[in-house]
Amino acid sequence: MTSPNPLLDVSEEVATALAEGHAVVALESTIISHGMPYPENLKTAREVEQVVRDHGAVPATIALIEGRLKAGLDEAALEELAKPGDVAKASRRDLAALVARGATAGTTVASTMYIAALAGIPVFATGGIGGVHRGAELSFDVSADLLELGSTPVTVVCAGAKSILDLPKTLEVLETHGVPVVGVGTDEFPAFFSRTSGLPVAHRVEDAVELARLVAAQQKLGLKGGVLVANPIPEGDALASEEIDGIIEQALNDADSQGVRGKDVTPYLLARVNELTGGRSLTANVALIRNNAAFAADLSVALSAQA
Ligand code: PSU
Ligand code: MN
């Protein structure tokens, strides 16, 4: 199978689907390697792929395996990423170094978008994106995810961002980079575990077909960046913000007193929130990823039908 890039392996199933114009959904893998504990991460990765299939699209989980970029993973690769061990976290700035040394890594939203675009996959589902960290006015800690959204033409379906981040600043930076943030059936940017944040989104669609028209217009306009789709967690799975807010405050305090910095901040906070909620946040996390995978598949099907 010919690949669009000499460092990228596109699985046969994904390559065939793309060649035939069928729907494909990219999935990230930092969520597997650094976002959830084992073995729930492996179970979720498999389930999310199945949800994409159930909605008529082919899943393409993206990662770095022994120095090769991959779009579409086999079972052994999924297990390698999920098991605790020597798996790196690859954001955009890490890709070249990790490829050069033949490393295995989970890819963040930023690097997954980049690889999805290389592979020719325009739709990508995740849980939550990285953003502007609280205190960024001093730390300058702004996720590369936001810049990638400004420059790479991939539509990312997420459930908003966790309030471990500064959500108003995150939306400001997205605006600066010209990223359309589109609510699905909502006028508010969702806060991952809860459906609301009190912050408005610029645009709203009611369903995947309406969103497909917006995405097609973005492409036809020649706007190079991505579209950020904010799909709220299903009502029955949402956590009360009073419950989660205190836990997030505690996790942030712990990160601070432990001196956690740089690329370790997000994985630390995710793990700490999971611990402090005794797994309740994990259940919500799984529910919203499934919901995003289903919607991304519907979008991908709608885009294929339009083409
Ligand atoms: N937020 C979550 N779950 C995640 C991540 C963020 O709720 O798994 C992961 C994603 O892979 C995201 C990355 O792209 O963390 C952002 O890391 P950083 O803040 O270091 O850019
Ligand atoms: Mn950071």
Side-chain angles (χ1 to χ4, degrees), residues 26-38 40-41 44-45 48 61-64 81-82 87-95 105-116 124-150 152 154 156-167 169-170 173-174 179 189-194 197 226 228 230-233 239 244 247-248 251-252 255 260-274 277 281-293:
L27 300 164
E28 64 144 314
S29 50
T30 292
I31 197 171
I32 306 173
S33 60
H34 292 78
M36 288 187 178
Y38 181 80
E40 288 86 354
N41 56 353
T44 305
V48 169
T61 303
I62 287 179
L64 191 62
L81 288 166
V87 176
K89 171 183 165 187
S91 193
R92 172 190 255 263
R93 62 107 193 249
D94 307 299
L95 282 175
T107 47
T108 64
V109 169
S111 53
T112 303
M113 284 181 78
Y114 182 77
I115 297 166
F124 161 21
T126 185
I129 57 159
V132 179
H133 281 267
R134 298 204 207 171
E137 59 274 34
L138 294 178
S139 68
F140 276 47
D141 191 347
V142 177
S143 175
D145 293 355
L146 302 184
L147 282 84
E148 202 68 42
L149 280 160
T152 299
V154 171
V156 179
V157 180
C158 72
K162 286 197 179 79
S163 51
I164 57 172
L165 300 169
D166 185 320
L167 298 184
K169 288 194 184 75
T170 298
V173 171
L174 287 165
V179 180
F189 190 65
F192 198 85
F193 294 122
S194 47
S197 65
L228 184 64
N231 188 31
I233 185 171
L239 302 180
I244 205 76
I247 280 169
I248 283 173
L252 286 163
V260 183
R261 295 280 180 275
K263 73 178 194 333
D264 300 326
V265 171
T266 299
Y268 177 90
L269 291 172
L270 298 177
R272 196 75 189 109
V273 168
N274 277 338
T277 58
S281 66
L282 192 57
T283 309
N285 207 338
V286 173
L288 66 85
I289 295 169
R290 295 178 60 111
N291 189 49
N292 294 344

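Heavy-atom basis, side chains included; hydrogens, waters and symmetry copies ignored. Whatever order the structure lists them in is the order used to number ligands and atoms, beginning at 1.
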*Using heavy atoms and a threshold below 4.0 Å, how should the contact between Ile31 and ligand 1 be classified: side chain, backbone, both, or neither?*
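Both parts.
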*At under 4.0 Å between heavy atoms, which part of Thr266 makes contact with ligand 1: side chain, backbone, both or neither?*
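The side chain, only.
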Which residue supplies the protein heavy atom nearest to [atom], what is that atom called, and how far is it?
atom	result
atom 9 (C) of ligand 1	Thr30 CG2, 4.1 Å
atom 10 (C) of ligand 1	Glu28 OE2, 3.5 Å
atom 21 (O) of ligand 1	Ser143 OG, 2.7 Å
atom 6 (C) of ligand 1	Gly128 O, 3.6 Å

Those atoms of ligand 1 less than 4.0 Å from some heavy atom in [X]:
X	answer
Leu270	2 (C), 3 (N), 4 (C), 5 (C), 7 (O), 8 (O)
Lys162	2 (C), 3 (N), 7 (O)
Asp145	12 (C), 14 (O), 16 (C)
His133	19 (O)
Phe192	7 (O)
Lys89	17 (O), 18 (P), 20 (O)

*Say whether His34 and ligand 1 are in contact under the criterion: heavy-atom distance to a ligand atom below 4.0 Å.*
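In this structure, His34 fails to qualify as a contact of ligand 1 - no heavy atom is under 4.0 Å.
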*Decide whether the shortest distance between a heavy atom of Met36 and an atom of ligand 1 is less than 4.0 Å.*
no
_With 2.8 Å as the threshold, which protein atoms of type N, O or S lie near the Mn ion (ligand 2)? Leave waters out._
Asp141 OD1
*Check the pair Thr107 / Ser29 against side-chain hydrogen bond (donor to acceptor under 3.5 Å, both in side chains), numbers first and verdict last.*
CA-CA 5 Å; Thr107 47; Ser29 50; 3.1 Å; yes
Under a 4.5 Å cut-off applied to non-hydrogen side-chain atoms, are [X] and [Y] in contact?
X	Y	result
Arg134	Ile248	yes
Asp264	Lys89	no
Val48	Asn292	no
Met113	Leu149	yes

*Gap between atom CG of Asn41 and atom CG of Leu81 - 0.5 Å precision*: 9.0 Å
*Just wondering, more than 12 heavy atoms not from Tyr114 lying within 6.0 Å of its OH?*
no
